Structure formats: C-alpha cells, structure tokens
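Here, residue 1 is the first one in the sequence, and each next residue gets the next number. Small disclaimer: the values here were computed from a predicted structure and weren't measured.
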Amino acid sequence: QLQLVESGGGLVQPGGSLRLSCAASGSIFSINMGWYRQAPGKERELVARIIGSSTYTDYADSVKGRFTISRDNAKNTVYLQMNSLKPEDTAVYYCNMWPFRNDYWGQGTQVTVSS
C-alpha cells in the first residue's frame, strides 16, 4: 500500500510562510493529489489539488492566491507552499490522492499560525 508522510509544519506568525512536503513511498506519477486540512472542531476540507495528467491546479477559495501546490515526481513528493498565512489556516494538514481514499491518510503535520 502506498504510504504518504507529511512534514514541514510548525508555528509561524501571521503573514509568514511554510512549505509542506508529502513524501510518498512509491511513484505518484500521474496520480491526482491533494492537500487537505482539518482544524479542531471543523470538518476536513480540501485546500488544493494537482492533476497528475497536466499542470492543472485549483484551490479552495479561502487559500487561493496564497497557497501553491506542486509536485516533484522524481522525488515522489508533493508540496504545498503557503504564503501570507492567517490564523484561520491553523489546522492539521494532510496529503492524499484526489479524490481521497481513507486508507491513505497519514499522521498529518500541524500548522499553527499565531502571534
């Protein structure tokens, strides 16, 4: 089973930046991938996706213009560059395929945006 491991989270001040990484245990070539997040007391939501067959990406309205999803297939890694972070971005961030599969969830990485 393909395993996904998220990293790169941490504590950052509002307006700051972080880059999250999602390392896959196998090839993710041509696989649609997404970044998801879940804040305490809230439902998990898709924040960004990248289509494996193209360079097409799209984003949740709440992060559009601030976040960028990308991939490096040679490294089997998906990234999420997060700029201009806001307190409401605080959440555990997960990567998964898109559409997600329940057996692919990892531990996630905590992002906390606070002054």
Minimal heavy-atom distance between Ala24 and Leu2, with the atoms involved, is CB-CD1, 4.1 Å
Would you say Trp35 and Val111 are hydrophobically clustered, going by side-chain heavy atoms of ILVMFWY under 4.5 Å? yes
Please set out all donor-acceptor pairs under 3.5 angstrom arising from side-chain atoms of residues 45-52, sequence neighbours excluded.
residue: Glu45; atom: OE2; partner: Arg37; partner atom: NE; Å: 2.8
residue: Glu45; atom: OE2; partner: Arg37; partner atom: NH2; Å: 3.3
residue: Arg49; atom: NE; partner: Asp58; partner atom: OD1; Å: 2.7
residue: Arg49; atom: NE; partner: Asp58; partner atom: OD2; Å: 2.8
residue: Arg49; atom: NH2; partner: Asp58; partner atom: OD2; Å: 2.7

Which atoms form the tightest heavy-atom contact between Ser84 and Ser17, and what is the distance? N-OG, 4.3 Å
Which heavy atom in Thr77 sits nearest to a heavy atom in Lys75, and how many Å separate them? OG1-O, 2.8 Å
Pairwise distance CG(Leu80) to SG(Cys22) - rounded to 0.5 angstrom: 10.5 Å
Would you name the heavy atoms of Lys42 and Gln38 that are closest together and state the gap between them? O-NE2, 3.2 Å
Please give me the minimum heavy-atom distance between Leu4 and Asn96, naming the atom from each residue. CD1-CA, 3.7 Å
Give the C-alpha distance, both sets of side-chain angles, the deciding distance and a yes or no for side-chain contact (heavy atoms from CB on, under 4.5 Å) between Leu18 and Val113. CA-CA 10 Å; Leu18 286 172; Val113 184; over 6 Å; no
What distance separates Tyr56 OH from Ile69 CD1, expressed to the nearest 0.5 Å? 12.0 Å
Calculate, to the nearest 0.5 Å, the distance between atoms CZ and CG belonging to Arg71 and Asn32 respectively. 7.0 Å
Crowding at CD, Glu88 (>12 non-hydrogen neighbours, <6.0 Å): yes
One pair to check against side-chain contact (heavy atoms from CB on, under 4.5 Å): Leu85 and Phe67. What are the steps and the verdict? CA-CA 9 Å; Leu85 284 162; Phe67 290 13; 3.8 Å; yes
Hey, mind stepping through Met82 and Val12 against side-chain contact (heavy atoms from CB on, under 4.5 Å) and telling me if it holds? CA-CA 11 Å; Met82 305 185 296; Val12 64; over 6 Å; no
Tightest non-hydrogen contact, residues Pro14 and Ser115, listed as CD-N, 3.7 Å
Working to the nearest 0.5 angstrom, can you tell me the gap between Tyr36 OH and Glu43 CD? 14.5 Å
So, does Glu6 use its side chain to make a donor-acceptor pair with the main chain of Cys95 at under 3.5 Å? yes
Could you please spell out the steps behind the side-chain contact (heavy atoms from CB on, under 4.5 Å) verdict for Ser27 and Asn76? CA-CA 6 Å; Ser27 176; Asn76 294 330; 4.2 Å; yes
Indicate every side-chain donor-acceptor pair of residues 100-109 with a distance under 3.5 Å to a residue at least two apart or in another chain.
residue: Asn102; atom: OD1; partner: Trp105; partner atom: NE1; Å: 3.4
residue: Thr109; atom: OG1; partner: Gly9; partner atom: N; Å: 2.9

